[in-house]
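Worksheet: one structure, shown below.
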There are 2 protein chains.
Amino acid sequence: MDQVAEAAGVSRATVSRVINGAPSVDAKIREMVQRAIADTGYVPNVAARSLVTRRSNSVALVISEPDRPDNHSFLNRIFTDPYFGRITAGATSALRPHDIHLVVIPTDSTDHHQVVRYLRQGHVDGVLLISSHEQDTLPRQVHDLGIPAVVSARPTSPIAVSYVDVDQRLGARLAAEHLLNRGCRTLATISGPLDIPSGLDRLDGFRAFLSTRGFPSVPTIEGDFTRAGGEAMARRLLAQHPNIDGLFVANDLMAEGALRALQDLGRRVPDDIAVVGFDDSSAALDCRPLLTTVRQPVEEMAAEMAEVLMAHIATPGRLPRSVTFQPSLVIRNSA
Amino acid sequence: MDQVAEAAGVSRATVSRVINGAPSVDAKIREMVQRAIADTGYVPNVAARSLVTRRSNSVALVISEPDRPDNHSFLNRIFTDPYFGRITAGATSALRPHDIHLVVIPTDSTDHHQVVRYLRQGHVDGVLLISSHEQDTLPRQVHDLGIPAVVSARPTSPIAVSYVDVDQRLGARLAAEHLLNRGCRTLATISGPLDIPSGLDRLDGFRAFLSTRGFPSVPTIEGDFTRAGGEAMARRLLAQHPNIDGLFVANDLMAEGALRALQDLGRRVPDDIAVVGFDDSSAALDCRPLLTTVRQPVEEMAAEMAEVLMAHIATPGRLPRSVTFQPSLVIRNSA
DNA sequence: TCACACCGAGAGAGCGCTCTCAATGGGCCT
DNA sequence: AGGCCCATTGAGAGCGCTCTCTCGGTGTGA
């Protein structure tokens with residue numbers, strides 16, 4: 001930096017001002033400094049900068065997955081579910097204009113300690129926390145750290161924290177309505193894990209709406225949000241209730257598996273049985289027939305999370321607030 | 001830190017020594033300091049530390065994907081292909097004991113500039129670079145930066161850089177051998193993209209071995225390593241060559257798609273046509289029938305990449321070296 | 001013409017840590 | 001017993017940057 005200052009014939013302070021875009025610099029001097037920077041190939045030292053600004057200009061995207069008793073590692077699940085790619089894309093797009101970097105940290109409950117230590121050390125200015133598991137203690141721990149944070153869904157315990165969510169119940173209702181409108185009269189659902197709020201809310205919303213329309217009870221089977229789980233649950237569901245003609249599956253990945261099971265069982269979709277998914281992820285387009293599904297604007301939600309987080313970082317005392325997005329129905333070929 | 005020093009009745013220097021595990025500290029004093037640290041809840045400031053040590057204790061995992069003309073974003077591809085989850089898991093496991101953090105940076109060619117800037121700024125001590133695309137300029141750019149780096153595959157241009165790879169040709173040979181041993185006599189392959197070394201090498205190895213066994217020409221169709229691509233290519237291949245009885249698909253994801261196509265076409269697997277994949281990823285277990293495939297020890301390879309990188313970081317002048325892993329055949333039900 | 005205000009640039013003090021170098025003290029050798 | 005050496009600890013100088021405070025210079029109004 002001293003080199004640059006000397007090359008431009010100014011003081012370090014002025015070089016700093018130019019780099020940080022301070023308005024009070026003469027245009028000519030600014031230009032000289034910029035040329036000097038280009039000539040010397042100078043790159044600011046981030047450590048020194050954050051030492052004084054107490055900003056790292058990066059935020060963590062912590063993806064907290066419960067450890068389930070299956071043979072797939074949580075990393076594998078995270079990198080296989082298109083949902084997380086959309087989250088990353090959305091957050092990145094919002095952060096990039098502010099030149100803030102995203103550090104992706106996948107975790108399961110076994111290394112919460114590591115994550116907390118990382119956050120405490122001040123590597124990042126704030127946290128985007130993707131946590132859906134009800135028993136997950138990470139939201140509370142992060143909250144107690146006092147570091148700015150935004151959570152991806154309504155927290156299960158009453159923590160004063162900002163969050164962004166989609167109206168899950170409304171989404172389920174859209175699915176139910178559509179199935180009824182098509183003429184389906186024997187509805188069923190493969191729910192998500194019931195220890196996850198989104199799983200619970202979608203099931204609740206689906207049942208609640210149907211009961212107002214004269215369907216007091218609906219065959220339900222609990223799934224795990226994976227493709228293989230969807231396939232297995234569909235098989236089991238149809239074995240128990242062979243005459244189902246409308247199926248709501250709580251996410252697209254399971255719906256993809258369910259469609260495969262239905263095909264194996266010789267059911268035509270949507271003629272014999274109509275299927276509606278949830279998410280509108282890329283998996284919906286991998287399905288045959290193409291999946292009718294409830295669209296969750298995941299990218300926009302992640303971007304909003306990032307915006308809210310940046311606001312919290314900029315204004316430390318800011319009160320938590322929540323933002324709810326509306327889902328919409330995307331009609332394709334499966335229903 | 002001063003607080004801790006005062007509480008323990010020692011100097012800052014001694015506190016620093018305790019934190020960094022210097023051996024020359026009296027056991028009693030060490031203990032006092034540790035208690036003081038616990039009492040005060042002291043956490044070292046990483047920025048100040050890296051300012052003086054010139055180490056960030058984190059490395060970047062840069063996943064560079066070519067931008068292909070499809071409707072899925074590269075982020076979606078990265079977060080959908082199980083391969084990257086395995087890479088992350090392997091690298092993490094090797095880095096964790098050294099308390100080094102992994103910053104995952106997905107990128108396509110449009111933001112190489114951003115990535116390079118990030119690396120130049122000294123956020124990380126080194127780079128694990130996952131880059132397979134032949135025209136990818138990132139390996140060269142990273143190399144020119146002079147920052148320690150390890151690449152995931154044999155670089156296409158002759159760059160003096162360490163890399164870790166699997167013996168692709170041998171893997172393809174294992175597949176070919178297995179198909180012949182089963183009695184298949186009309187073989188074909190769905191290759192990977194031919195502008196990617198792994199795609200090319202697998203095709204080459206497959207053909208080269210078969211020609212030594214009296215099969216001078218093998219029907220080949222170029223795929224794109226995606227599930228949908230595998231399905232489409234399998235359809236096309238079988239339309240042109242209806243009597244194929246043995247198929248080598250250059251990765252598991254495409255093989256999954258191919259199996260789906262074969263099922264649609266009414267071919268029984270493996271009785272009518274045997275299928276061998278490549279990777280042994282979790283997708284192999286999503287297949288019906290379970291996929292016979294060439295196992296690539298991706299986790300181990302990623303861990304090795306991390307080890308080599310740490311060696312480079314510890315010894316700046318170290319000469320580049322390459323490590324090649326052996327693939328193995330995993331026999332399941334599809335062949 | 002003078003005083004005042006305001007704008008732009010420089011000087012210098014840290015940010016919190018590590019690490020070298022010097023100092024102190026105890027043990028051991030002669 | 002004296003001296004020397006090694007083992008520990010303390011003191012203090014930076015690491016590279018930002019930012020406040022100060023100062024010089026120019027413009028404006030009376």
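Proteins come first, then strands; the chains are lettered A, B, ... in the order of their sequence lines, and each starts at number 1.
Once you apply a 4.0 Å limit to the heavy atoms of chain B, the touched nucleotides of DNA chain D run 5' to 3' over dT8(D) to dG16(D).
Residue His98(B) places its NE2 atom among more than 12 non-hydrogen atoms of other residues, nucleotides or ligands, all under 6.0 Å distant.
Heavy atoms of Asp2(B) sit nowhere under 4.0 angstrom from any nucleic acid atom. Within the 4.0 angstrom heavy-atom criterion, base atoms lie near Arg12(A).
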In 5'-to-3' order, the base (B), backbone-only (S) or no-contact (-) status of each nucleotide in nucleotides 20-26 of chain C, using a 4.0 angstrom heavy-atom cut-off, is -------
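Between Thr14(A) and Ile29(A) there is a side-chain heavy-atom pair separated by less than 4.5 Å.
Sorted by first and then second residue, the side chain to side chain donor-acceptor pair (under 3.5 Å) pairs involving residues 45-56 of chain B (not counting sequence neighbours) are Ser56(B)-Ser58(B), Ser56(B)-Asp125(B).
Between Ala48(B) and Gly9(B), the one whose closest nucleotide on DNA chain D sits nearer the 5' end is Gly9(B).
With rounding to the nearest 0.5 angstrom, the CD1 atom of Ile87(B) is 6.5 Å from the OG atom of Ser152(B). Note that CG of Leu129(B) is 5.0 Å distant from CG of Leu138(B), once rounded to the nearest 0.5 Å. Note that OG1 of Thr110(B) is 9.0 Å distant from CD of Gln114(B), once rounded to the nearest 0.5 Å.
Of the charged side-chain nitrogens involved, at least one lies within less than 4.0 Å of a carboxylate oxygen, so that Asp99(B) and Arg117(A) count as a salt-bridged pair.
When atom types are taken as modelled, the side chain of Ser132(A) and the backbone of Ile196(A) share no donor-acceptor pair closer than 3.5 angstrom.
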